[in-house]
Amino acid sequence: MAVSYNHREIEKKWRENWEKHPVNVNDGKKPKYYCLDMFPYPSGNGLHVGHWRGYVISDVWSRYKMLQGYYLIHPMGWDAFGLPAENYAIKMGVHPAKSTADNIAHIKEQIKQIAAIYDWDMEVNTTDPDFYKWTQWIFVKMFKAGLAYEKEMPINWCPSCKTGLANEEVVNGCCERCGSPVTKKNLKQWMLRITKYADRLLNDLDKLDWPEKVKKMQTDWIGKSYGAEVEFKVDGRDDAITVYTTRPDTLHGATFMVLAPEHALARSLATDETREAVEKYIFDASMKSNVDRLQDKEKTGVFTGSYAINPINGKKVPIWLSDYVLADYGTGAIMCVPAHDDRDFEFAKKFDIPIVQVIAKDGVEIPDMKEAYTEASGTMINSGDWNGMESAVLKKEAPEMIEKMGCGRKTVNYKLRDWVFSRQRYWGEPIPIIHCPKCGCVPVPEEELPLRLPDVESYQPTGTGESPLAAIDEWVNTTCPVCGAPAKRETNTMPQWAGSSWYFLRYVDNKNDKELVSREKADKYLPVDMYIGGVEHAVLHLLYSRFYTKFLCDIGAIDFDEPFHKLFNQGMITGKNGIKMSKSKGNVVSPDDLVRDYGCDSLRMYELFVGPPELDSEWDDRGIDGVYRFLNRFWHMVLNNKDAQVKETKELIKLRHKMVYDITSRLEAFSLNTVISGFMEYNNKFVDLTKKGGVDKTTLETAVILLAPFAPHMAEELWQQLGHDTSVFDNRWPSVDEEAMKDDEIEIPVQINGRTKAVISVSDGASKEDVLAMAKEALGGKLTGNVIKEIYVPGKIVNIVAR
RNA sequence: GCGGAUAUGGCGGAACUGGCAGACGCGCCAGACUUAGGAUCUGGUGGGAGACCGUGCAGGUUCGAUUCCUGUUAUCCGCACCA
């Protein structure tokens, strides 16, 4: 029978046509819809079928929104600074500027293969001086607001990438990029005070239509806890040690105290007898890497020889050092209640420290404790005045009680740390700061931005903690903008996240050289309505972007404080057996051949059909035949019916509305795989009907419009073949008439004891008696025994309970 | 260790607020058209000869459970001594 539709010719024709006559037009009246993809970093490896998925999902959603009457903001750009781009350049032996430009050109061609409706006039590139001018401008503003500061401290250091890392970039003690174990290095660093925004970053999550998983990850990352700081005087000395605890209710049970080895007082607490052991322990701890520390299961520690006084009961408690206490959380010191904390229990058992229970679980003291009782539920015992109180109540009230007693205060703590913002690498935005011997740190004047990244002969990382920029004397040496004295430029660069933290704001006004974005355009087109990308940025990019947006809102640059209203995380496309696609595994599937053989429309649809969009899916090349056959069958079905002048019948109208309803509701639910199977199912019905009287033109047109976001080329071509000289995207998404969808006769399963034995067809308004009579008739001899109960749920089911 | 997700035919996956389990597709089987078919079209396809049995496993609630509850196993993901 008929030959395949010619996808090559049709797709070429419509690409050229869209080029000349864009379908996404801003008439100034339509409401905007901003649908954003997480912009790629231009890798030298190019795109594989996994990369397509997110772009197809966002394009389908964008085109759907366009058909609903929105003016679409759907831009694309390049996250081209940073480690991956630089490492690639080093590996290939080319300058990163050159390799980045080449990679962008290549990937842009590949992305165009998707036929997504990107507005390339809005394109941005983070390495473009006209763009990073504003990345630097934001930094200067943050510096002036006191949010960017310099600090020397031990930071995460990747010995392979030869740069410092933010906390968020350390995964299981290893570098997020290269997987090398991260070490500590004492470096003077630029920091961003993201902790100042901790509460807003936490509370505003409520406003967002984001996956719960991502909200949870950010909540945990910020890690807010409520508790108290309590002061313990050192026995026989004037100074005190402050601890942080979330369980002040257990204060009477504190039988020892532990300080992090890095604690400022650690050394001074040693006595003549313990000095040697204490020094050794502190030294050993300093030599441990993050990974070692994580892998140590067994607790270690050393007694300092000193004692502290528990302020609630005046008892002397020994002070220990142990690396299970973190130096940079809370106060770096803890009170230990072994009866009610797992870690303290383990430590007390190992070093034979007394264990005192202060909460009676179910009213009784546990006779022979095998593990700590960690729940705040039960009655207080061995707790002086607090005896008899409920632990849960006391937990809340104790901080204020302690405050009144003058030995501590109510407080909160966060796991979130300030953001280590310096990178000792070449390929990033220069930090626009000048170090003046007289004036200190002075920002580059705003009118002198951008501070261009200078060309350099050796852009390889030095490993010394200095950026390669430090080697360029003529760049480093400058004068102070304030006093004019000789001064030196900051030579560290910004992390890759700097540009990506705000790029989505720039798209809508990417040529503005006066402002980051004009308020007029920001108010009109921002923020982002739908953001689509992988889940790997849950606490990196997505947290940083929220922080930047809040800051820019605070300084009045924009008028909203959350960047992304709705977030969708697509699952990964993997190779066989769920193995991540990678060059080294040799399981990368390139879209190029598939586009050539099956067409862009087929690949787009298969990307969706392969599985639920939010879950990982294994790629199987053979499956694409299914959607390719569907598109062929649909093509021929429409062409076979188009001139037949079939009159619409009640049945055809019903089928049409059911189709619109099914496709729309599945699309709204983001169940894109079942949208595709829905198309197939309805097409099977249409193909069947073609042999029995045909399909009317309105139904054909409706189907073509519904298909347009998914297979835009074919939809355009069929729309034209149906006799139109406009674009299929000039239509509005069809609406559903619920009345027209209704069936007069409903099929109802008839069950005996919950097992289906027959199916009857009843009219819409049939009475219970009639239906039950019909049901019994249909069952005939199958119904034996005594009928105990008869259940009829109108429109759903008949169930007869018999014994 | 803590938290989350997932588990359904040979395979990918459907099943809306509890109501005919396996839609749709891949693969496979049979047939048609063909010089030919790895193209296309038509039909079939969970298991069992059968009554029946079947949604990771064991219970429970219900007239009725893939769906709700309790426990449990496996896989994946996140956090990981945050006091």
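To find a chain, count down the sequence lines: A is the first, B the second, and so on, and within it residues start at 1.
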Under-4.0 Å salt bridge between [X] and [Y]:
X	Y	result
D341(A)	R247(A)	no
E298(A)	K350(A)	yes
E231(A)	R409(A)	yes

Rounded to whole angstrom units, what separation is found between the [atom1] atom of [X] and the [atom2] atom of [N]?
X	N	atom1	atom2	answer
M217(A)	C79(B)	CE	P	5 Å
R633(A)	G25(B)	CZ	C1'	11 Å
N632(A)	U40(B)	CG	P	8 Å
K685(A)	C24(B)	NZ	C1'	11 Å

What interatomic distance, in whole Å, is found between [atom1] of [M] and the corresponding atom of [N]?
N	M	atom1	result
C26(B)	G71(B)	P	43 Å
U66(B)	U8(B)	P	15 Å
C69(B)	A80(B)	P	30 Å
G25(B)	U34(B)	P	27 Å
U40(B)	C52(B)	C1'	40 Å

* Asked: Given pairs defined as Watson-Crick or G-U wobble with both distances under 3.5 Å, what dot-bracket annotation applies to RNA chain B, with ( ) intrastrand, [ ] crossing, | other strand and . unpaired?
  -> (((((((..(((......[....)))((((((.......))))))((....))..(((((..]....))))))))))))....
* **Non-neighbouring partners of Y226(A) that pass ring pair (Phe, Tyr, Trp, His ring centres under 6.0 Å), sequence neighbours left out** =>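 Residues passing ring pair (Phe, Tyr, Trp, His ring centres under 6.0 Å) with Y226(A): none at all.
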* To do: For R629(A), enumerate each residue passing the salt bridge (Lys or Arg N to Asp or Glu O under 4.0 Å) test, keeping only those at least two apart in sequence or located in another chain.
  =>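 R629(A) satisfies salt bridge (Lys or Arg N to Asp or Glu O under 4.0 Å) with no residue once adjacent residues are dropped.
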* Only counting residues at least two apart or in another chain, list the ones meeting salt bridge (Lys or Arg N to Asp or Glu O under 4.0 Å) with D616(A). =>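 In terms of salt bridge (Lys or Arg N to Asp or Glu O under 4.0 Å), with neighbours along the sequence ignored, D616(A) is linked to no residue.
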* Asked: Under 4.0 Å between a side-chain N or O of Y329(A) and OP1 or OP2 of A83(B)?
  ->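 Indeed, a polar side-chain atom of Y329(A) lies that close.
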* Which nucleotides of nucleotides 62-75 of chain B have their base under 4.0 Å from a protein heavy atom (B), which only their sugar-phosphate (S), and which neither (-), written as one string 5' to 3'? -> -BS-----------
* In B/S/- notation, 5' to 3', how is nucleotides 10-18 of chain B contacted by protein heavy atoms closer than 4.0 Å? -> --BSS----
* Would you classify K215(A) as touching base, sugar-phosphate or nothing, given that sugar-phosphate means primed atoms plus P, OP1 and OP2, and contacts are heavy atoms under 4.0 Å? =>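 No contact at all - K215(A) keeps every heavy atom at 4.0 Å or more from the nucleic acid.
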* Asked: Is there a donor on the side chain of K213(A) or the base of C77(B) sitting less than 3.5 Å from an acceptor on the other?
  ->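 No such pair is found, so the answer is no.
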